[in-house]
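A short write-up of the structure that comes next.
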There are 2 protein chains.
Amino acid sequence: MNIVFKALNDPTRREILEMLQERDMTAGEIAEQFTISFPSISHHLDILKQAKLVIAEKEGQFVYYSLNTTVVDDIMKWFLQFKSKKK
Amino acid sequence: MNIVFKALNDPTRREILEMLQERDMTAGEIAEQFTISFPSISHHLDILKQAKLVIAEKEGQFVYYSLNTTVVDDIMKWFLQFKSKKK
DNA sequence: TATATATTTAGACAAATGTCTAAATAATAT
DNA sequence: ATATTATTTAGACATTTGTCTAAATATATA
């Protein structure tokens, strides 16, 4: 859980997640959308991967990234505890 | 939104939120539950307050902290975008 | 007024984070 | 085989973060 919140605590990484919600993309396609360097984006992707928020699949020389929504479900469950209490 | 994810990115602060989900507590009561110093807890409470995740109300010499669930709702909405897409 | 209690503020410091450039790895094309 | 393209790894560096102790502020009590 810690690692997931850590991964979400960066605007670039959250934007990557939003992009991947639209369609799967290669590392290069993702990096093109930002002004920061390719290695920095690669590092962000690694953090998202560690948190299992994204899945990476190699196809030839490209690496396709896609969203892993099951972890999003887990986070949602954590937040739901704050809704259950009757006021 | 940035400030909220930042506030959530710490296990102590998340634990404070879970404690406040049970009942309102004073800064001192909260601090007692942890091994870290009072000033550190005070700092954590300040970050939660900045994110509007908690509300602080002074009563005499005590400061009561309570959960602000409306911000939790906003976060949930952000996560919901990842559920809407049909696969 | 002086003292005790509750909490925050200030300043220091080590560890973690986000960024960069340069180099390495891997696959494809000439 | 060599060059090109896609991506990651390594190392450096400035900024941010979480923690601490000491001091300050605010309220209540003797």
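Below, chains carry the letters A, B, ... as their sequence lines are ordered, and counting in each starts from 1.
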Problem set entry | Closest non-hydrogen atom pair, B:Asp24 against B:Ser66 | OD1-CB, 3.2 Å
For this session: Please list, chain by chain and in numerical order, all residues satisfying side-chain hydrogen bond (donor to acceptor under 3.5 Å, both in side chains) with B:Gln61, sequence neighbours excluded.
Result: none
Exercise. Looking at DNA chain D, which of residues 31-38 of chain B put a heavy atom within less than 4.0 Å of it?
Worked result: B:Ile36, B:Ser37
Problem set entry | Proximity to DNA chain C (any heavy atom under 4.0 Å), residues of residues 8-20 of chain B only | none
Exercise. Quick one: what's the B/S/- string for nucleotides 23-30 of chain C, heavy-atom cutoff under 4.0 Å, read 5' to 3'?
Worked result: ---SBS--
Problem set entry | Residues in ring pair (Phe, Tyr, Trp, His ring centres under 6.0 Å) contact with B:Phe34, at least two apart in sequence or another chain | none
Exercise. Is the distance from OP1 or OP2 of C:dT8 to the nearest side-chain N or O of B:Ser42 less than 4.0 Å?
Worked result: yes
Problem set entry | Set of residues satisfying side-chain hydrogen bond (donor to acceptor under 3.5 Å, both in side chains) with respect to B:Arg13, sequence neighbours excluded | B:His44
For this session: Kindly calculate the angle separating the two end axes of the helix from C:dT1-D:dA30 to C:dT30-D:dA1, each obtained from five base pairs, and round it to 10 degrees.
Result: 10°
Seminar exercise, completed: Hits for side-chain hydrogen bond (donor to acceptor under 3.5 Å, both in side chains) against B:Ser40, two or more places apart or cross-chain, chain-then-number order -> B:Ser37
For this session: Measure from NE2 on A:His44 to C1' on D:dT9 and round the result to the nearest Å.
Result: 16 Å
Exercise. How would you list, by chain and number, every residue that makes a side-chain contact (heavy atoms from CB on, under 4.5 Å) with B:Ala31, sequence neighbours excluded?
Worked result: B:Phe38, B:Ile41
Exercise. What pairs with A:Asn68 under side-chain hydrogen bond (donor to acceptor under 3.5 Å, both in side chains), at least two apart in sequence or on another chain?
Worked result: A:Thr70
Exercise. What residues, two or more places apart in sequence or in another chain, satisfy side-chain contact (heavy atoms from CB on, under 4.5 Å) together with A:Lys49?
Worked result: A:Asp46, A:Val54, A:Ala56, A:Tyr65
For this session: For B:Tyr64, enumerate each residue passing the ring pair (Phe, Tyr, Trp, His ring centres under 6.0 Å) test, keeping only those at least two apart in sequence or located in another chain.
Result: none
